[in-house]
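Computed over heavy atoms, backbone and side chain alike; hydrogens, waters and symmetry mates excluded. First listed ligand is number 1; within each ligand, the first listed atom is number 1.
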Amino acid sequence: MKNSSNKRNKNLSAFAFLAVVLLLMLIAGDIKGGAQSVNKSSSAMGAAVFITLYGGTEDNADAMISAIKELDEKCLSPTVEGSDIFRLNENAGAELEISQKTAEILKTSLEICAKSDSALNVALGKLVKLWGIDTDNPRVPAEEEIKTALETADLSKIILNGNKAKIGEGQLVDLGAIGKGAACDIAAETAKKLGVKAASISVGGSVTFVGLKPANGVFSRFSKNEGVQWSIGIRDPFGPVSETFASVKTGPASVSTSGNYEKYFEKDGVRYHHIFSPVTGYPSDSGLVSVTVFSDSGLLSDALSTICFVLGYEKSLPVLKEYSAEAVFVFPDKTVKATDGIKDSITIKNSEFTLV
Ligand code: ADP
Ligand code: MG
């Protein structure tokens, strides 16, 4: 009797051991089989592109990058010959057929321009070119040149009729203020279509988070992993590129930053940066060094960050409210202000900055 019970116990332990080994193999297979994060980098729209996927594959990330490049090269690029915006600018005054995507983005952009209290103007191309801040030869133009360039920035000259569009003669369209956000949107749409569970997409100063991040870095069938909020660092406008002064916890959202430290040149001790007031034709001087906007669309967060930077703190508040967006404003004395919906999610990491 004793012998047979010993044998049964031995059999049981062997079975339990085998079960544990099998389970471990399955978990390892689960992690190896795509549950681990995938990281890819590239460049588009003159900016760096970084993609991290959780519960997605290398092929998914490649498809997202291709979608961004296609949006740039076929639709929005002002420099790639044959893109819709390139053709519209080359043929100013003539009606052209454009892709549905470009028409959609142009239509939304024009609506936001109209609501921005003259802060966002996608017809500022001539002025942007005149200053050449993004080129090797930036310069402070003469008053008369600025006046002439501003005269071409009449938004009512951009006519959209379904997939047909026309811009005014002498006009140049520049979607630099919204393109990177629109690129995040198209990558996020692609990720969702492909069934990616969670993704972080960054194109220059715009980031979109899809879904929630897995708590321990992987989605696994064996743990009840509901996902946690993302954490995004806000760049220190006074420090080196990699430096952040605060972090913000957020769910799925798009985040864009506009600042006077991104692209600029200095002459006679004055800094001339790349975000212009469509009223004065000079780099906007609204008392901010940077503004970071959180919204549920990439295009919107990008457009709004430029708008808020031009309008300044007080005038931005009603615009943000209208679009249900939140923002973090940084002032030259390192004070920081944030809208009510986001204030509690901010952690200041650099004690030189004060959240007021
Ligand atoms: P970044 O391009 O660095 O992400 P923004 O999103 O704020 O920053 O966009 C700035 C770009 O938008 C400029 O480089 C220029 O091409 C264009 N731009 C500058 N000022 C305006 C404006 N007031 N309205 C529309 N576009 C602008
Ligand atoms: Mg912008």
K.L.:
Counting from 1, what ligand 1 atoms have a heavy atom of Leu120 closer than 4.0 Å?
P.N.:
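Atoms satisfying the 4.0 Å criterion: 24 (N), 25 (C).
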K.L.:
List the closest protein heavy-atom neighbour of atom 6 (O) of ligand 1: residue, atom name, distance to the nearest 0.1 Å.
P.N.:
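Checked against all protein heavy atoms, atom 6 (O) of ligand 1 sits closest to Asp302 OD1, 2.9 Å.
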K.L.:
Report yes or no: does a heavy atom of Ala119 sit under 4.0 Å from some atom of ligand 1?
P.N.:
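It does, in that a heavy atom of Ala119 comes within the 4.0 Å cut-off of ligand 1.
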K.L.:
State the atoms of ligand 1, each with its element, that fall below the 4.0 Å cut-off from a heavy-atom position in Ile275.
P.N.:
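Close to Ile275: 7 (O), 19 (C), 20 (N).
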K.L.:
Can a side-chain donor-acceptor contact be found between Ser254 and Ser301 if the only test is distance below 3.5 angstrom?
P.N.:
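No, Ser254 and Ser301 have no side-chain donor paired with an acceptor closer than 3.5 Å.
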K.L.:
For atom 20 (N) of ligand 1, what's the nearest protein heavy atom and its distance?
P.N.:
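Nearest neighbour among protein heavy atoms for atom 20 (N) of ligand 1, to 0.1 Å: Phe276 N, 3.0 Å.
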K.L.:
Just checking: Ser301, one of its N/O/S atoms, less than 2.8 Å away from the Mg ion (ligand 2), yes or no?
P.N.:
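So Ser301 does not count as coordinating the Mg ion (ligand 2).
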K.L.:
Which option out of Ala153, Ser256, Ser118, Ser258 puts a heavy atom nearest to atom 7 (O) of ligand 1?
P.N.:
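The nearest heavy atom belongs to Ser258.
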K.L.:
Counting only nitrogen or oxygen atoms and a 3.5 angstrom limit, does Thr306 reach ligand 1?
P.N.:
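Yes; at least one N/O pair falls below 3.5 Å.
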K.L.:
Measure the acute angle between the ring planes of Phe353 and Phe245, then classify it against the limits of 30° and 60° as parallel, tilted or perpendicular.
P.N.:
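Parallel, since the angle between the ring planes stays under 30°.
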K.L.:
Search all heavy atoms of Arg271 against all heavy atoms of Asn260 and return the closest pair with its distance.
P.N.:
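Residues Arg271 and Asn260, closest heavy atoms: NH1-O, 3.3 Å.
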K.L.:
Answer yes or no: does atom NZ of Lys166 have more than 12 heavy-atom neighbours from other residues, nucleotides or ligands under 6.0 Å?
P.N.:
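No.
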K.L.:
Donor-acceptor pair, Asp296 side chain versus Ala253 backbone, under 3.5 Å?
P.N.:
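No, Asp296 side chain to Ala253 backbone: no donor-acceptor pair under 3.5 Å.
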K.L.:
Below 6.0 angstrom between ring centroids: does that apply to His274 and Tyr261?
P.N.:
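Ring centres of Tyr261 and His274 not closer than 6.0 Å.
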K.L.:
Which one holds for His274 and ligand 1: side chain close, backbone close, both close, or neither close, with close meaning a heavy atom under 4.0 Å?
P.N.:
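Both backbone and side chain.
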K.L.:
How far is atom 24 (N) of ligand 1 from its nearest protein heavy atom, and which residue and atom name does that atom have?
P.N.:
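Ranking protein heavy atoms by distance from atom 24 (N) of ligand 1, first comes Asn121 N, 3.0 Å.
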K.L.:
So, Ser206 and Ser256: side-chain donor and acceptor under 3.5 Å apart, yes or no?
P.N.:
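Yes, side-chain donor-acceptor contact under 3.5 Å.
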K.L.:
Donor-acceptor pair, distance only, cut-off 3.5 Å: does the side chain of Ser116 make one with the backbone of Leu120?
P.N.:
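Side chain of Ser116 to backbone of Leu120: a pair is present.
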K.L.:
Is the closest heavy atom of Pro278 to ligand 1 under 4.0 Å?
P.N.:
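True for this residue.
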K.L.:
Once the angle between the rings of Tyr272 and Trp131 is folded into 0 to 90°, is it parallel (under 30°), tilted (30 to 60°) or perpendicular (over 60°)?
P.N.:
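The rings of Tyr272 and Trp131 sit tilted, inter-plane angle from 30° to 60°.
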K.L.:
Near Leu124, which atoms of ligand 1 are under 4.0 Å from a heavy atom of that residue?
P.N.:
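Contacts of ligand 1 toward Leu124, numbered from 1: 21 (C), 22 (C), 23 (N), 24 (N).
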K.L.:
Numbering the atoms of ligand 1 from 1, which are under 4.0 Å from a heavy atom of Glu262?
P.N.:
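The list of qualifying atoms is 1 (P), 3 (O), 8 (O).
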K.L.:
Ligand 1 and Ala177, any nitrogen or oxygen pair closer than 3.5 angstrom?
P.N.:
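Yes, at least one N or O pair falls under 3.5 Å.
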K.L.:
Can you find an N or O of Ser305 that's nearer than 3.5 Å to an N or O of ligand 1?
P.N.:
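In fact, backbone or side chain, Ser305 has no N or O that close.
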K.L.:
State whether Tyr54 and Lys197 meet the cation-pi test: NZ (Lys) or CZ (Arg) under 6.0 Å from the six-membered ring centroid, and within 45° of the perpendicular axis.
P.N.:
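Judged by the rule (NZ or CZ under 6.0 Å from the ring centre, within 45° of its axis), Lys197 is not positioned above Tyr54.
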K.L.:
Determine, for Phe238 and Lys334, whether the Lys NZ or Arg CZ falls below 6.0 Å from the six-membered ring centre while staying within 45 degrees of the axis.
P.N.:
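Yes, Lys334 and Phe238 form such a contact.
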K.L.:
May I ask you to check whether Tyr313 and Phe329 place their ring centers less than 6.0 Å from one another?
P.N.:
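Yes, close enough.
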K.L.:
Can you confirm, on distance only, whether ligand 1 has an N/O atom lying under 3.5 Å from any N/O atom belonging to Ile178?
P.N.:
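The answer is no, given that Ile178 and ligand 1 share no N or O pair closer than 3.5 Å.
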K.L.:
With a cut-off of 2.8 Å, does Ala177 put an N/O/S atom close enough to the Mg ion (ligand 2)?
P.N.:
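Checking Ala177: at least one N, O or S atom is under 2.8 Å.
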K.L.:
Provide, to 0.1 Å, the distance between atom 16 (O) of ligand 1 and the closest protein heavy atom, together with that atom's residue and name.
P.N.:
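Residue, atom and distance for the closest contact: Asp174 OD2, 2.9 Å.
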K.L.:
Can you name the atoms of ligand 1, numbered from 1 with element, that are less than 4.0 Å from a heavy atom of Lys180?
P.N.:
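Those qualifying, in numeric order: 1 (P), 2 (O), 4 (O).
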